Protein chains: 2
Amino acid sequence: MPNDALIARPDLARIKVACTNCTLYQLCLPVGMGDPELALLEDIIKVKRPLARSQHLYQMGDSFTSLYAVRSGSLKTYALTEDGREQVTGFHLPGELVGLDAISSERHHCAARALETTSVCEIPFDRFEDLWVRIPSLPHQLLRVMSKEMRHDQTLLMLLGKKAAEERLAAFLVNLAGRFGQRGFSSREYNLSMSRNDIGNYLGLAVETVSRLFTHFQELNLLNVHRKSVQLLDLPALQALAGVSEPPPDTRAGQGGRV
Amino acid sequence: MPNDALIARPDLARIKVACTNCTLYQLCLPVGMGDPELALLEDIIKVKRPLARSQHLYQMGDSFTSLYAVRSGSLKTYALTEDGREQVTGFHLPGELVGLDAISSERHHCAARALETTSVCEIPFDRFEDLWVRIPSLPHQLLRVMSKEMRHDQTLLMLLGKKAAEERLAAFLVNLAGRFGQRGFSSREYNLSMSRNDIGNYLGLAVETVSRLFTHFQELNLLNVHRKSVQLLDLPALQALAGVSEPPPDTRAGQGGRV
DNA sequence: CGAATCCTTGAACACCTTCAACAGGGGTGG
DNA sequence: CCACCCCTGTTGAAGGTGTTCAAGGATTCG
C-alpha cells in the first residue's frame, strides 16, 4: 500500500527531507507554516532508513531523543504489562507523530514497531525545541497534535470501557476508513497492515472474537474481508454500529484523528 | 479533606494568585521556575470562585479559553457516548491540570465537574501562549504535563484492555494512595471524593462489581472501607494485585502520575 | 515441500453484568 | 427533633457476552 515514491532509498538516508514537497505536510507538523519556517524545520529533520516489517523504531525503556513522523507504511505502539503481555496503544499511519508520550520522562514507555516496510522522519527533540524561539507557532502546533492524541486515547477509553465487541470493531474499521480517506486512499477498500491479534489486543478482545466478528459482519453484508483486505459495503450501517461520533474533521488540520 | 486555607473566599475571586506561596507549585506548572518567571505567570493566572459539589467547571462543547489547575478539592472529567452515557476519563487532584485535550479543536470534548467543593486557578490560554517568548521553559513544561497525561491514559487503556476487575480496583486505589502521598496527605488512609458509580464507570465495571470487590478486599484484610473512607491495610499486596508498575517517581517533577 | 504463523470455527466455561430487593445515610420538611 | 424520602451503596441470583481451550484450514516463506 505505501507509496513507493515516498520511501527513501537506503543510500539517501540521513539526507534532508523536503517537507515542502511532502504530500503529507498538511497532516503533519508543519501545518500552515510559511516557506522560511519550513526551511528551518527541514534543516533539522532527517529521513531514516526505512524499517522492515517487525523492526522496532524504538524499544520500551529507550531514552527519548526524537519524535518521529510516519512518511509511509505504518507502525504500532504498544506497552507491556508487568507480566510481559502487550497492550497495543495505537496504529500510526503516514502523517502521524509517534513518541510524544516520552517527552515527560525522557524515556520511552511504549515501543514502536513497523507493521510493514515503513519510512519515518526523525525530529531531534532538542534541536526542535531550539526552533521554538524562531518559529513561535511550532510549540502550539505540537500541542495541538498532542491534544488530538489525548482525544484519541479518550475515544479508545470509551470503546474499552463502554462498548460491546461489535461496536469496538465497527468503530475501528470506520475510523481507519476515515484516515485512509484523508490520505487520498479509498475509504471503502483498504488493507489492514496489522494482524487480527493486534486488532484484538488494541480493542481489548480475544483474537477469536475479532475473527468471529469479521465473519459476522460479512454475514450481515456490512463488509467483505479476506485476509488483510477489507471492503466496506455499508459504511452508514457500520457507523451506526460504531456509535458514529466521527469527530468533526477539524478543518484546522493537524494529524488525522485516530480511533 | 481539602485544605481550607487554600480555598479562596468568594470575595477574593479573580484576585491574583501567589504561585510563589502555593504549596502545590512543585506539582503544578511552574516547576523549577525562578522568581521573575513566577511573577509573570502569576500575572495572568486568576483564582476562580470555588465550585460547589457537582458544579461544572466547563461543559462538553464549551469553547476552550483556559486551562485550569486544581488548587483544592477534586474534579472528574468525563465524555458522553452518542447515546448519552458517561465515560469518566479522569479524576483530578490538587496540582493537576485539566482542559488540555481541548487545545487542538478549541472546544471542550469532555466536561469537568466538581466532586466536592473545589477551587481552581484559571490560566487563560492565549495570554499563556504570549508568555512563551519570555519564558521559553513554559511550553516545555506544558508538554511534559501533557506527555504525562498521555501516559496516564495509556495506563488506563491497559487496565481496561487487559486487566480483570480485581486488578483494576487495586490499581486505582494504589494510584490514589500515591497521589495523596505526593500531596502531603496520608497514603494509607484517605477519602474517596467520587461515588462508587464514578469509580465503576472509570474502571469499566458495574457499580455492583465495585461494591463486591470492596467487600472482597475487606474479607482478605487488604483494606477497610466504610462509605467514602478507605484505609489500606496491606499496600504491598494491593500493589501486587494491581500489577504494581508504579511509575518511577519521575524526580523531575511535573504533575503526579495518575492511573 | 514442510514448518511456522496466522486465521477460523466449535464447545465449555468464567467472569462480570443485569435484574431485583434491601439497607443505610443525609437532607428536607413538617 | 423526628419522620420521611431519596439517593447511594450493598447483597443475592440468573443470565449473557466474550474468553479459553482445542483443533483444523489457509498462507507465507525458507
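Just so it is clear, the structure is predicted and the values come from calculations on it, not from any experiment.
Nearer the 5' end of DNA chain D, as judged by each residue's closest nucleotide, is the contact made by B:T209, out of B:T209 and A:E166. Ranked by how close their nearest DNA chain D nucleotide is to the 5' end, A:V210 and B:S211 are led by B:S211.
Atom-to-atom, CG of A:D198 to P of C:dT5 comes out at 15 Å; the value is rounded to the nearest Å. The separation between A:R53 atom CZ and C:dA4 atom C1' is 13 Å, rounded to whole Å. The distance between atom CZ of A:R227 and atom P of D:dG25, rounded to the nearest whole Å, is 16 Å. Across the protein-nucleic acid pair, B:R196 atom CZ and C:dG24 atom P stand 15 Å apart, rounded to whole Å. Between the CZ atom of A:R168 and the C1' atom of D:dT17 there is a distance of 11 Å, rounded to whole Å. Distance, A:E219 CD to C:dT8 P: 12 Å, rounded to whole Å. One can place CG of A:L213 at 12 Å from P of C:dT9, the figure rounded to the nearest angstrom. Per the geometry, CG belonging to B:N197 stands 7 Å off P belonging to D:dG9, to the nearest Å.
Nucleic acid contact class of A:H216 (heavy atoms, under 4.0 Å, all strands): none. Counting non-hydrogen atoms under 4.0 angstrom, B:G204 reaches the backbone sugars and phosphates but no base. Within the nucleic acid shown, B:S195 comes within 4.0 Å of sugar-phosphate atoms alone, with no base atom in reach, counting heavy atoms only.
Listed nucleotides: C:dT8, D:dA13, C:dC6. Nearest to the side chain of B:R212: D:dA13. With D:dT11, D:dT27, C:dT8 as the candidates, the nucleotide lying closest to the side chain of B:T215 is D:dT11. Nearest nucleotide to the side chain of B:E208, out of D:dG12, D:dG9, C:dC16: D:dG12. You'll find that the side chain of A:A206 is closest to D:dT20, out of D:dT20, C:dT18, C:dC16. Minimum atom distance to the side chain of B:H226 is reached by C:dG25, of the listed C:dG25, C:dC16, D:dT19.
Relative orientation of the A:Y202 and A:H152 rings is parallel, given thresholds of 30° and 60° on the angle between their planes. The aromatic rings of A:Y58 and A:H108 lie parallel to each other, their planes meeting at an angle below 30°, with 60° marking the opposite boundary.
For C:dG25, the OP1/OP2 oxygens have no side-chain nitrogen or oxygen of B:K228 closer than 4.0 Å.
Using a 4.5 Å cut-off on side-chain heavy atoms (C-beta onward), B:K76 and B:F91 make contact.
Under the 3.5 Å distance criterion, with hydrogens and angles disregarded, a donor-acceptor pair is assigned to the side chains of A:S74 and A:E116.
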key: Residue pair B:E96, B:R183: steps toward the salt bridge (charged side-chain N to carboxylate O under 4.0 Å, His left out) verdict   = CA-CA 11 Å; B:E96 292 172 353; B:R183 282 155 188 78; 3.2 Å; yes
